[in-house]
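Single-structure report; data block below.
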Amino acid sequence: MQLFMECFLCCTTSLVFTRGIGISLLSGGVRRGVRLSLLCILLLMFSSCGAVAAYLLAPYLQSETADLFRPLLYLSASAVPYLLLLAMTRLLPIAWRSKMATALQQVACSSVVMGVCLLAPEAVGSLKSALQFGFRCGIGTCLAGLALSAAEPLLTNDKIPAASRGWPAQLMYLGILSMAVACLI
Amino acid sequence: MPDATPTAGILRRNPVVVLGLITASVIGCTDTLWRAVSLCFACNLLFALTIPLTLLIPGRTPDFLRILSYSLLGTLVYPLVKLATEFFLPQTSLGIYLPLLTVSFLLHEESDRIHVAGSFSQRFIRLACTLFGFDFITLLLAAVRELFGMGTLFGHFISIPAWLPSLSQPALGMIALGCLAAMFQAKRKEIE
């Protein structure tokens with residue numbers, strides 16, 4: 001029951017279903033055959049770190065002038081774990097390094113992480129809830145990615161009309177899932 | 001996908017309905033036409049200021065720093081874009097969708113493409129066509145959503161009943177964009 005409630009919360013927090021943020025990242029990854037599990041793990045890490053960074057930076061970004069530099073600060077905050085993880089990829093076998101580097105680049109400079117940072121200050125009141133928010137957003141995006149990846153063979157099937165095959169069908173499919181999630185909220 | 005002509009950005013490589021980029025901002029800001037106009041203005045200004053700046057990034061920059069530096073340049077230009085949008089179009093607010101443009105994959109892709117060999121005018125036409133393709137789809141989607149969702153255009157009541165009030169929600173916005181992408185894809189195949 002607890003697990004079900006947690007999945008429910010993750011779906012309703014997911015930026016993909018509630019605001020359409022992250023569709024390009026997921027569908028691009030699925031189309032390019034990027035390993036979804038790797039994308040999901042990195043998204044979880046970056047969205048959790050991003051939410052915590054946004055919470056910690058919130059007291060310094062109250063003024064209107066500071067608000068103009070919010071994206072710069074958030075991107076700089078996600079650049080730190082990006083560069084650290086990139087340095088750690090040197091410990092990986094050579095065959096994995098380029099895949100890891102590509103996935104890291106896509107996730108660190110993605111709209112999902114920036115979206116979590118931008119929404120976190122309004123949604124959270126403590127460090128623990130910031131971490132929870134970031135984690136749930138990450139899990140929600142991963143669930144959307146799983147749903148998209150599972151439906152990918154059907155959405156590119158010959159039985160789908162040629163005009164709708166591929167990207168248009170993915171959009172409509174995610175839209176229908178978002179409608180279902182919107183009913184849960 | 002072939003990219004032989006500079007005008008490919010309008011139809012063959014349309015950034016929204018073919019490449020699937022900047023989807024979040026398009027879905028989030030096309031509930032009304034005025035918001036869509038704000039988005040187009042902000043996006044065009046951001047790209048017009050950021051992409052020439054990316055030419056300052058040396059060609060020997062390692063791959064792992066390139067994308068990050070494009071987005072960092074975008075965030076440096078962002079304050080100017082935000083102030084300009086608020087000044088010229090004060091009646092609408094883009095919320096979180098304006099900062100999201102600074103990390104969009106379209107910015108990364110166009111920044112990479114500006115470094116591709118070619119005359120200055122070719123590169124400029126390529127970028128302008130991509131932005132035109134983006135503006136066209138954004139405004140068209142916004143017109144459809146506002147007309148059939150609220151029965152208005154630019155806030156003025158048109159004597160058409162609002163058939164689908166929830167068209168302004170993101171979920172139906174995704175479906176509307178999907179339908180538009182399907183029509184676009186059919187037209188593109190017809191022309192090719």
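Throughout, protein chains are lettered first and strands after them, A, B, ... in sequence-line order, and every chain is numbered starting at 1. Just so it is clear, the structure is predicted and the values come from calculations on it, not from any experiment.
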TODO: Decide yes or no on side chain to side chain contact (heavy atoms under 4.5 Å, CB included) for B/Val103 and A/Val113, but give the supporting numbers first.
DONE: CA-CA 10 Å; B/Val103 289; A/Val113 176; over 6 Å; no
Top of [options] for chain A proximity - count of heavy-atom pairs under 4.5 angstrom:
options: B/Thr102, B/Ile175, B/Leu180, B/Leu65; value: B/Ile175
options: B/Thr23, B/Leu101, B/Leu21; value: B/Thr23
options: B/Gly74, B/Ala171, B/Ala176; value: B/Ala171
options: B/Leu98, B/Ile22, B/Thr75; value: B/Thr75

Spacing of [X] atom [atom1] and [Y] atom [atom2] [to the nearest 0.5 Å]:
X: A/Leu25; Y: B/Phe105; atom1: CG; atom2: CZ; answer: 4.5 Å
X: B/Leu177; Y: A/Leu171; atom1: CG; atom2: CG; answer: 5.0 Å
X: B/Ile96; Y: A/Leu15; atom1: CD1; atom2: CG; answer: 7.0 Å
X: A/Leu72; Y: B/Leu76; atom1: CG; atom2: CG; answer: 5.5 Å
X: B/Leu72; Y: A/Cys109; atom1: CG; atom2: SG; answer: 7.5 Å
X: B/Leu106; Y: A/Ser24; atom1: CG; atom2: OG; answer: 9.5 Å

Against chain B, label [X] side chain, backbone, both or neither, depending on which of its atoms sit under 4.5 Å from a heavy atom there.
X: A/Phe17; result: backbone
X: A/Val16; result: backbone
X: A/Ile176; result: both
X: A/Leu174; result: both

Quick one: what part of [X] sits under 4.5 Å from any heavy atom of chain A, side chain, backbone, both or neither?
X: B/Pro79; result: both
X: B/Val17; result: backbone
X: B/Tyr70; result: neither
X: B/Val16; result: backbone

Close side-chain approach of [X] and [Y], heavy atoms under 4.5 Å:
X: B/Leu172; Y: A/Met179; answer: yes
X: B/Lys82; Y: A/Asp67; answer: yes
X: A/Arg70; Y: B/Pro99; answer: no
X: A/Leu68; Y: B/Leu80; answer: no

Above 12 or not: heavy atoms from other molecules or residues under 6.0 Å from [atom1] of [X]?
X: B/Phe136; atom1: CZ; result: no
X: B/Gln91; atom1: CD; result: yes
X: B/Phe87; atom1: CZ; result: no
X: A/Ile94; atom1: CD1; result: no

Let me check something: do [X] and [Y] share a hydrophobic cluster, defined by ILVMFWY side-chain heavy atoms less than 4.5 Å apart, either directly or through other members?
X: A/Met45; Y: A/Leu84; value: no
X: A/Val80; Y: A/Tyr74; value: no
X: B/Phe41; Y: B/Leu131; value: yes
X: B/Ile51; Y: B/Ile10; value: no
X: A/Tyr82; Y: A/Leu91; value: no

Open item on the list: I'd like to know if the side chain of A/Trp167 and the backbone of B/Ala182 have a donor-acceptor N/O pair within less than 3.5 Å.
Closed with: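 Side chain of A/Trp167 to backbone of B/Ala182: no pair is present.
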Open item on the list: Strictly distance-based, threshold 3.5 Å: is any side-chain N or O of B/Gln185 a donor or acceptor partner for the main-chain N or O of A/Pro168?
Closed with: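 Not at all, since once roles are kept as given, no pair shorter than 3.5 Å links the two residues.
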Open item on the list: I need the residue from A/Pro71, A/Ser111, A/Gly20 with the largest number of non-hydrogen atom pairs under 4.5 Å to chain B.
Closed with: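 Of A/Pro71, A/Ser111, A/Gly20, A/Pro71 has the most heavy-atom pairs under 4.5 Å with chain B.
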Open item on the list: For A/Ser178 versus B/Met174, what's the shortest heavy-atom pair and its separation?
Closed with: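 Of all heavy-atom pairs spanning A/Ser178 and B/Met174, the closest is OG-CE, 3.2 Å.
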